[in-house]
Amino acid sequence: MKGVDGGQFWSGLEPSAVPAALTALAVDHAVAMDRPVAWRRTWLDSIDLRLYRSGMALTAVEGADGDGSVLELSCPDGVTVRAGPDMLGWPRVPARLPDGLRPHLEPVLGVRALLPMVEASGTSVTGRLLDDEGKTVVRLVHERPATITGGREQLPGGLGLVPLRGYDAAGERAARIAHRAGLVPDTPSRYPAALRAAGIDPDASSRAVMEPGLPARAAVARVLLSFLGQLEAAVDGTVSDVDIEFLHDLRVAVRRSRSAVKLLGDVLPPGLVAWAAPQLRLLGELTTPARDLDVLLQELPSLTAGLTGDRREDVEPLVLHLAGLRADEQRRLAAGLRSPRFERFRARWRASLLALATWDGQPGAGPTAAEVVVERLDRAHRRVLRRGSRITDASPAQDLHDLRKRTKELRYLLEVLPTTTDPADARVVIKELKAVQDVLGTFQDSETQRDTLHSLATELMSGDGASARTIFAMGEIAARLQEDQDTSRGEFAAVFERFSRRSAQRPTARATAGVAR
Amino acid sequence: MKVVATYNIKGGVGKTSAAVNIAYFAARDGLRTLLWDLDPQGSATYLLRVKPKVKGGGDALVRGKRTLGDGIKGTDFDGLDLMPADFSYRNLDLDLDGTKRPTDRIRRLLAPLRKEYDLVVLDCPPSVSLVSENVVHATDVLLVPLIPAMLSVRTYDQLIDFVDTMPGRKPQVLGFLSMVDSRKKAHRELAARLPSDHASVVAEAIPSRVVIEQMAEERAPVPAFAPASSATAAYEALWGRVRSSLTGTG
């Protein structure tokens, strides 16, 4: 499969469209075609399709003699960057990508690893449109329908048209002919088409939303099922430690589930809630130590960069110690997620929710989702306002931590707002709420990390006999974290006042009024 | 961006064949290459199957009404583009004479292409003129084909003197023997002697071969239709020499 750099790719669901276009092109020009060439390629992306969402596509094109793959990155500006031959496998974090690709991919991927998303194999034929001098004016790539590995659908065939420099008019004429033959412009990388052929809808929203007209019990069960799906999707990546975001995704799914059970669980059978709530809490607790270490390891370079003098070597024993702890925690976490207990929880939780999520359409099945959400949102909103307004400069840290939990609950409720709600209103409230959460997040993370450093210092001194320089460096980092925490406390009042004011102008209850009616 | 020119005062000595084949090898080696056919006869243009037509002609180029980029055509070979010849180039001397700094015009026309190409190959018309002065000013390596004859050597010496007396920036001059018929004793002797007598004449020589003449029938560089021929090997060796000379130029 040869790329169509600088040209346009045309495809059509109708298998006859490409041959028809080639026949029509042969009326205007002599057409020279080469022999068919077999190809196999893999489209790579992060699990949350960051490349797709950034308008990029990365493919590994297998070499003919098995000596590695050529990596081709299509950038949003139409530029193609190639690297290879590449012999390493997937998944792979950005730091382990070839030098030529890293600067393009790291800003988009962050810490996310690249995974094979779609693999396909097929044949393509290159060719040329010739003018009356026998000169190539447009290059052709005829891709025949390709087989998606493990999929039932085929990647539709298509035609790449690449006018040579100075032959734009011939290229435009060829494009008009392709269009008349029933072909439509497609992405040269074929990534969106490949995703769809593999049964992945890249534009589908992963957001779980309450369906307002449903009985609240069915609607809540469906939202919880969606959260369970997100949780399950993150399990394998967390166990295999593909990248640290899998664990983060898993934790978010657990937290959302816990919030929904806490705030909306009264519409579910009490016995189910009494069983699920502690299970979800334990699951959350299982993930916390590994995540805390991930965050600290991630932030350590920037914290270290602020040390006086070049002291990176001083913290090296700390980094090694943290990496060891993190490996231990990862093993414990993986064992927990592979345990029969976790499997039983998943199976029972799914079966229970599935049973509750169905509704036969009969009336009298209790309050609707809209009625319940409006009331709960209002209550959660008032709770945040009440607790937040009590925070002063002298408030204990625990009060801010508690407020952070309440803001998360409010945020999750806002996120499951039915789609009929005015999205502008919800966005404004979420934006201001997010600002509050950011401040509270920095406040709590700084404290957690400082506490971790204190206990690590004790461990290092008694265990490995860390040098005084390491302990001093850790002390300096701890002092910086204290400054960060003090700063966020100082910022809290203004940020919270803004949230109170803006959310009062757009009360959440009013934002959902349309749903309640 | 480096600039190589194939140049000789005499015609029919293998300038165009060398320019086309060297440009082909440069592109094959991954250099983004532009071949500019400055000869109004348009032989390089013909060999690469491009129509010898430049909108506005040489006058529009020289006067800045059009840029080189407007006229460049992609060839059938990856990485190799062509600025075609135009019959109006026969008046290029007059066109250049009517501009300010007439000996520097080609260099300035090439300047905007600096980021687009790694190598420009100029195929020059056979003459001593303002065009050739322009070429000498624009070039890093001046590649001079020499047919194995004493008169040809004399002309080469005159050319070296001409370049030496030029003010300002000077190219590196590389002479190479062209159309060498190893059946002829005189050719063999000159081919053996010339590189040792003239430090600027390289040992890589182009033999007289039918495949080189067949370029006009095939309308393609020799390696594209006769990859295993000795002519292909000779042009490749010559390109290797030019390439190493280019790395030594500033």
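To find a chain, count down the sequence lines: A is the first, B the second, and so on, and within it residues start at 1.
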*Minimal non-hydrogen separation, B:T75 against A:L164, with atom names*: O-CD2, 2.9 Å
*Compare all side-chain heavy atoms of A:K135 with those of B:R219 and state whether any distance is below 4.5 angstrom.*
no
_salt bridge (charged side-chain N to carboxylate O under 4.0 Å, His left out) pairs, two or more places apart, involving residues 104-114 of chain A_ = A:D48-A:R112, A:R102-A:E106, A:R112-A:D243, A:R112-A:D249
*Distance (rounded to the nearest 0.5 Å) between B:D81 CG and A:R165 CZ*: 6.0 Å
*Would you call B:D76 and A:R139 a salt bridge, taking side-chain N to carboxylate O under 4.0 Å as the test?*
no
_So, using ring pair (Phe, Tyr, Trp, His ring centres under 6.0 Å) as the criterion, who are the partners of B:F77 when residues are at least two apart?_
B:Y24
_Proximal to chain A - members of residues 33-53 of chain B, heavy-atom separation under 4.5 Å_ = B:L48, B:R49, B:V50, B:K51
*Can you run down the ring pair (Phe, Tyr, Trp, His ring centres under 6.0 Å) pairs that involve residues 221-247 of chain B, sequence neighbours left out, and say none if there aren't any?*
none
